[in-house]
Amino acid sequence: MSTRIAFLKGHGTENDFVIVPDPENALDLPPAAAAALCDRRAGIGGDGLLHVVRSAAHPEAAHMAAEAEWFMDYRNGDGSVAEMCGNGVRVFARYLQRAGHAVEGDLAVATRGGVKTVHLAKNGDVTVGMGRALLPEGDVEVSVGERSWPARNVNMGNPHAVAFVADLDHAGALYTAPPFRPATAYPDGVNVEFVVDRGPRHVAMRVHERGSGETRSCGTGACAVAVATARRDGVDPAVTGTPVTYTVDVPGGTLVITEHPDGEIEMTGPAVIVAEGEFDAEWLEGVLS
């Protein structure tokens with residue numbers, strides 16, 4: 001008899017994920033397996049995979065077990081490992097709530113980008129403490145076709161290049177990663193955000209996510225965009241002593257990003273579980289063979 005493996009499907013502002021609960025880290029999920037599950041035609045389909053593991057059971061997270069019971073072992077849609085995914089953390093927390101592992105209120109989640117504090121609100125929104133942004137020095141440029149733009153280098157535990165453009169259509173199809181210069185700025189690749197203004201402290205963005213292509217939303221990207229926009233606008237909460245909040249429209253919805261004077265960034269938005277089911281382990285083994 002074939003083995004059936006449980007999965008769920010969820011999204012945060014239409015950034016969608018395959019969720020595989022595996023508390024004791026018993027499943028072998030190499031990059032090819034994650035990519036197969038995320039395949040939209042031959043698999044379940046998703047921008048990424050949320051592998052749900054108890055921190056104590058995972059070698060990369062055991063040192064965080066005292067702070068956070070659960071580890072988000074996140075993979076990009078191509079199977080590659082990523083440090084963090086802001087929308088993914090919200091969906092991860094929503095799954096834990098659905099499974100009875102968390103309740104309304106605060107929750108700690110371990111990630112490769114450190115332990116993140118999550119708040120599950122009564123109205124259904126989820127707020128994630130995204131940590132502090134780093135702003136590496138040096139000029140960066142990104143391009144699409146014949147157009148090029150200067151970009152702000154922002155690190156949210158993963159790398160981002162934020163470019164302000166006149167029209168989001170100038171970003172093109174975003175099927176492939178936009179070229180960037182210098183190559184040394186992002187030795188492991190980069191998430192690239194293209195941004196336009198919508199109003200006072202209100203912007204819209206499109207993003208090419210490293211390892212996934214264009215996605216409907218990117219949580220760490222929205223945070224990077226808010227920080228880059230604030231600095232462009234001459235606003236730094238560390239200087240003013242006052243939090244600053246930006247509304248960031250993404251193709252899949254809206255995220256609200258607040259940067260506090262101590263540098264901590266909070267992201268608020270929806271997280272939805274849309275389906276659950278099982279897949280056949282023999283199918284996955286066949287894909288990998």
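It should be emphasised that the depicted structure is a prediction, and the values quoted were computed from it without experimental measurement. Only this structure's heavy atoms are used, side chains among them; waters, hydrogens and symmetry mates stay out.
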Would H119 and V128 satisfy side chain to side chain contact (heavy atoms under 4.5 Å, CB included), going step by step from the backbone distance to the final call? CA-CA 6 Å; H119 181 80; V128 181; over 6 Å; no
Donor-acceptor pair, side chain of [X] and main chain of [Y], under 3.5 angstrom:
{"X": "D39", "Y": "A42", "answer": "yes"}
{"X": "N191", "Y": "P159", "answer": "yes"}
{"X": "S148", "Y": "S143", "answer": "no"}
{"X": "H58", "Y": "E60", "answer": "yes"}
{"X": "R90", "Y": "R94", "answer": "no"}
{"X": "D262", "Y": "E264", "answer": "yes"}
{"X": "T229", "Y": "V225", "answer": "yes"}
{"X": "H208", "Y": "A177", "answer": "yes"}

Within the 4.5 Å heavy-atom criterion, are [X] and [Y] side-chain neighbours or not?
{"X": "F17", "Y": "C85", "answer": "yes"}
{"X": "C218", "Y": "H160", "answer": "yes"}
{"X": "L49", "Y": "D73", "answer": "no"}
{"X": "V52", "Y": "V20", "answer": "no"}
{"X": "D28", "Y": "P30", "answer": "yes"}
{"X": "V227", "Y": "E259", "answer": "yes"}
{"X": "I44", "Y": "F7", "answer": "yes"}

Hey, mind stepping through H101 and W70 against side chain to side chain contact (heavy atoms under 4.5 Å, CB included) and telling me if it holds? CA-CA 9 Å; H101 301 310; W70 295 96; 3.7 Å; yes
Tell me, with the steps shown, if T215 and D47 meet side-chain hydrogen bond (donor to acceptor under 3.5 Å, both in side chains). CA-CA 7 Å; T215 59; D47 292 323; 5.0 Å; no
Sequence neighbours left out, what pairs pass ring-ring contact (aromatic ring centres under 6.0 Å, His included) with at least one residue falling in residues 122-154?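 Non-adjacent pairs meeting ring-ring contact (aromatic ring centres under 6.0 Å, His included): W149-F194.
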Give every residue pair that meets the ring-ring contact (aromatic ring centres under 6.0 Å, His included) criterion with at least one member in residues 169-188, sequence neighbours excluded.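 Every ring-ring contact (aromatic ring centres under 6.0 Å, His included) pair that includes a residue of residues 169-188, provided the two are not neighbours, is F180-Y186.
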Answer yes or no: are there more than 12 heavy-atom neighbours, outside D236 itself, under 6.0 Å from its atom CG?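 Yes, CG of D236 has more than 12 neighbouring heavy atoms, counting only those of other groups under 6.0 Å.
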Salt bridge (Lys or Arg N to Asp or Glu O under 4.0 Å) between R206 and E193, worked out: CA-CA 6 Å; R206 289 176 61 197; E193 288 80 27; over 6 Å; no
With sequence neighbours left out, what residues match A36 under side chain to side chain contact (heavy atoms under 4.5 Å, CB included)?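 Residues passing side chain to side chain contact (heavy atoms under 4.5 Å, CB included) with A36: W283, L284, V287.
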Residue pairs passing the salt bridge (Lys or Arg N to Asp or Glu O under 4.0 Å) test where at least one lies in residues 96-106, sequence neighbours excluded: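 Every salt bridge (Lys or Arg N to Asp or Glu O under 4.0 Å) pair that includes a residue of residues 96-106, provided the two are not neighbours, is R98-E276.
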Show every salt bridge (Lys or Arg N to Asp or Glu O under 4.0 Å) that has at least one partner inside residues 6-27, sequence neighbours left out.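 Residue pairs with at least one partner in residues 6-27: K9-D16, E14-R216, D16-R40, E24-R54.
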Whether the [X] and [Y] side chains hold a donor-acceptor pair (N or O, under 3.5 Å, no angle test) is what I'd like checked.
{"X": "D249", "Y": "T254", "result": "yes"}
{"X": "T13", "Y": "N15", "result": "no"}
{"X": "D125", "Y": "T268", "result": "no"}

So which heavy atom on [X] is nearest to which on [Y], and how close?
{"X": "A33", "Y": "L288", "value": "N-CD2, 3.5 Å"}
{"X": "L255", "Y": "G219", "value": "CD1-CA, 4.3 Å"}
{"X": "D139", "Y": "P182", "value": "O-CD, 3.4 Å"}
{"X": "P59", "Y": "N25", "value": "CD-ND2, 4.0 Å"}

Co-members of V256 in a cluster of I, L, V, M, F, W and Y side chains, linked at under 4.5 Å: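 Result for V256 is none, singleton.
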Are [X] and [Y] connected, step by step, through hydrophobic side chains (Ile, Leu, Val, Met, Phe, Trp, Tyr) whose heavy atoms are closer than 4.5 Å?
{"X": "V192", "Y": "V162", "answer": "no"}
{"X": "L174", "Y": "V165", "answer": "yes"}
{"X": "L135", "Y": "M267", "answer": "yes"}

Side chain to side chain contact (heavy atoms under 4.5 Å, CB included) between D167 and V196: does it pass, once the steps are laid out? CA-CA 7 Å; D167 190 319; V196 296; 5.6 Å; no
Can you list the steps and then say if V89 with T111 is a side chain to side chain contact (heavy atoms under 4.5 Å, CB included)? CA-CA 9 Å; V89 173; T111 76; 4.2 Å; yes
Result of checking K116, R75, R210 against E83 for salt bridge (Lys or Arg N to Asp or Glu O under 4.0 Å):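 Exactly one option meets the salt bridge (Lys or Arg N to Asp or Glu O under 4.0 Å) with E83, and it is R210.
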Given T220 and N158, is the side-chain hydrogen bond (donor to acceptor under 3.5 Å, both in side chains) satisfied, shown in steps? CA-CA 8 Å; T220 55; N158 56 358; 3.2 Å; yes
Electrostatic pair R232:D197 at N-O distance under 4.0 angstrom: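 Looking at D197 together with R232, the answer is yes, because their closest N to O distance falls below 4.0 Å.
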